[in-house]
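A short worksheet on the structure shown next.
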Amino acid sequence: MMRNTSCLLPVVSFLISTSCLGQNENIDLTGVIDMHVHAGPDSRPRAMNDWEAVQMAENAGLRGVLLKNHFTMTADRAALAAQLVDSLLVFGGVALNRSVGGINPEAVRQMAAFSGGRGKVVWLPTFDSQFFITKEGITDPFVPVMKDGKPVKGLLEVFSLIAKNNLVLAMGHSSPQEVLALIPFARAEGVENILITHVFGQDASFSQIQQMAATGAIMELDWLAAYTDPLILNDYVEVIQSVGAESFIISSDFGQEGNPDHASGMRAFIAALRSREISQQQIDLMAKQNPAKLLGLD
Ligand SMILES: [Zn+2]
């Protein structure tokens with residue numbers, strides 16, 4: 001494989017995105033599923049809407065996308081957007097932030113029951129999580145997930161609905177301590193698929209990442225973080241090589257106004273990993289097999 005050494009260096013993000021773009025177009029996205037796709041309508045500025053996002057993803061050859069919104073359910077939007085494309089798989093979910101009532105089992109029950117069957121992921125609070133609000137120094141109210149070392153009221157019911165409907169429990173912006181404390185409770189309710197949302201964005205230590213892997217949870221590595229801070233790629237490569245690709249997925253987390261489209265993000269991510277000696281087999285596990293497994297696909 002031809003290697004473009006300019007892609008290897010921890011240069012500013014726009015250099016990665018532009019200098020490798022031509023080369024990245026050769027990267028085949030067959031089978032690749034991006035489980036972190038933001039698009040409008042949204043209360044945050046987005047680069048495209050759901051329709052544009054799925055059409056771009058299909059044209060780029062992705063196998064599937066999972067639409068994520070922090071404030072409203074996307075199972076319905078995914079069902080509508082799926083009608084615009086031929087082969088692309090389109091999924092959605094619900095994030096348990098204040099706009100849906102926080103830890104609200106009814107929000108999960110309805111999402112799972114919506115026609116189209118596109119609702120697959122339940123995120124614990126993201127922008128309304130205690131960890132995020134505290135870390136950002138914001139004074140807004142937050143949605144706690146634990147009280148006195150136990151899951152808050154309603155959370156066990158959420159876990160049991162996730163299990164019953166074979167959904168994915170995504171840990172949102174919970175702290176690594178909360179993630180590790182909650183996983184046994186989720187397992188006890190029968191939750192099989194656990195996804196730890198952008199694990200490095202949550203400041204997990206290497207030892208916590210090892211403990212998370214030992215629970216059988218899958219951890220997310222997102223391109224947005226590496227696009228913003230290329231040095232984080234070093235951490236990604238280290239955990240993939242030492243913990244094992246079987247414990248990770250890679251996603252774009254793109255959709256922000258001004259950023260490239262999701263497929264370009266996935267291509268740039270794959271190119272960056274290849275340039276750092278991550279094998280195609282490892283990439284396939286993280287970009288294809290693990291997302292398919294979480295989503296209950298063959
Ligand atoms: Zn996101």
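Whatever order the structure lists ligands and atoms in, that order sets their numbers, starting from 1.
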Sorted by first residue and then second, give each salt bridge (Lys or Arg N to Asp or Glu O under 4.0 Å) pair with at least one member in residues 166-177; sequence neighbours left out. none
Please state whether the rings of His173 and His70 are parallel, tilted or perpendicular, taking 30° and 60° as the class boundaries. perpendicular
NZ or CZ of Arg44 within 45° of Phe127 ring axis and under 6.0 Å: yes
Out of the candidates Trp223, Phe248, Phe269, only one should pair with Tyr236 under the ring pair (Phe, Tyr, Trp, His ring centres under 6.0 Å) rule; please name it. Phe269
State which residues pass side-chain hydrogen bond (donor to acceptor under 3.5 Å, both in side chains) with Arg109; sequence neighbours excluded, sorted by chain then number. Glu106, Glu157
In the protein, N/O/S atoms that are found under 2.8 Å from the Zn ion (ligand 1), waters not counted: His36 NE2, His38 NE2, Asp253 OD1
Among residues at least two apart in sequence or on other chains, which ones pass side-chain contact (heavy atoms from CB on, under 4.5 Å) with Phe206? Gln210, Glu238, Val239, Ser242, Val243
